[in-house]
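Structure, as structure tokens:
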Amino acid sequence: NPPHQIECNDIRMMLSLFKNNLGIGIMSYLDAYAFIENGEFEFRTIHENGLHPITLALCVAPKRQLSRISQIMMNQIIEHMEALKLRMIEITQ
């Protein structure tokens, strides 16, 4: 157990603490990607039974049909997220 512990959900505060070499944190790769890519931080994946991956969701009214352009944009976001995931796998191995 660490002698001191801080809990927060403010990513900017966590990044500031990391930059000042003040501990470790649990974040998604999406939150830390830019800092990992430029070598500022190291990301270590947690492999644990029962730990589910982060979900990025688009929330809309249940009876609303997405426009064609919204569907195209959503598919592009999915493609970019999958490419990002593959790059993160390469970086962390």
Side-chain angles (χ1 to χ4, degrees):
N1 290 334
H4 303 287
Q5 179 178 325
I6 296 174
E7 293 183 28
C8 77
N9 63 355
D10 186 334
I11 293 170
R12 291 171 300 179
M13 180 179 174
M14 292 173 71
L15 294 172
S16 176
L17 291 168
F18 300 157
K19 286 179 182 180
N20 288 296
N21 202 25
L22 295 172
I24 62 172
I26 297 175
M27 302 174 75
S28 74
Y29 68 85
L30 185 58
D31 293 327
Y33 179 74
F35 301 95
I36 296 161
E37 191 173 54
N38 70 19
E40 200 168 344
F41 296 148
E42 182 176 319
F43 187 84
R44 296 187 185 180
T45 305
I46 299 173
H47 298 284
E48 185 71 34
N49 291 337
L51 187 64
H52 302 287
I54 189 171
T55 300
L56 183 63
L58 172 65
C59 299
V60 294
K63 294 183 180 182
R64 181 173 177 190
Q65 183 175 352
L66 290 178
S67 67
R68 180 73 180 132
I69 193 69
S70 295
Q71 292 173 354
I72 290 169
M73 185 65 181
M74 190 170 60
N75 288 336
Q76 286 184 349
I77 291 170
I78 290 168
E79 287 176 19
H80 286 287
M81 292 300 294
E82 288 298 321
L84 175 65
K85 179 180 173 182
L86 292 174
R87 285 197 304 265
M88 286 303 301
I89 290 170
E90 290 172 4
I91 289 172
T92 58
Q93 289 181 346

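Both backbone and side-chain heavy atoms feed into the values below; hydrogens, waters and symmetry mates do not. Just so it is clear, the structure is predicted and the values come from calculations on it, not from any experiment.
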Legend entry - Met73, CE: over 12 other non-hydrogen atoms inside 6.0 angstrom: no
Inset, instruction - Would you indicate whether Leu22, at its atom CG, is surrounded by more than 12 heavy atoms from other residues, nucleotides or ligands within a distance under 6.0 Å? - result: yes
Legend entry - Test item: Phe35 and Met27 side chains (from C-beta on) under 4.5 Å apart, heavy atoms: no
Legend entry - Separation of Ile11 CD1 from Phe18 CZ (nearest 0.5 Å): 10.0 Å
Inset, instruction - Spell out, yes or no, whether Met74 and Ile69 are grouped together once hydrophobic residues are joined by side-chain heavy atoms under 4.5 Å, including indirect joins. - result: no
Legend entry - Atom pair CE/CD1 of Met81 and Ile77 - distance to nearest 0.5 Å: 9.0 Å
Legend entry - Met14 vs Leu17 side-chain heavy atoms within contact, under 4.5 Å: no
Inset, instruction - Taking side-chain contact (heavy atoms from CB on, under 4.5 Å) as the test, write out the residues that go with Ser16, two or more places apart. - result: Asn20
Inset, instruction - Hey, could you give me the CG/CG distance between Asp10 and Leu15, rounded to the nearest 0.5 Å? - result: 9.0 Å
Inset, instruction - Answer with yes or no whether the hydrophobic clustering places Val60 together with Ile72; edges join I, L, V, M, F, W, Y residues whose side-chain heavy atoms lie under 4.5 Å apart. - result: no
Inset, instruction - Please check if atom CD1 in Ile24 has more than 12 non-hydrogen atoms from other residues, nucleotides or ligands closer than 6.0 Å. - result: no
Inset, instruction - Locate the shortest heavy-atom distance separating Met13 from Ile6; write the atom from each residue and the value. - result: CE-CG2, 4.3 Å
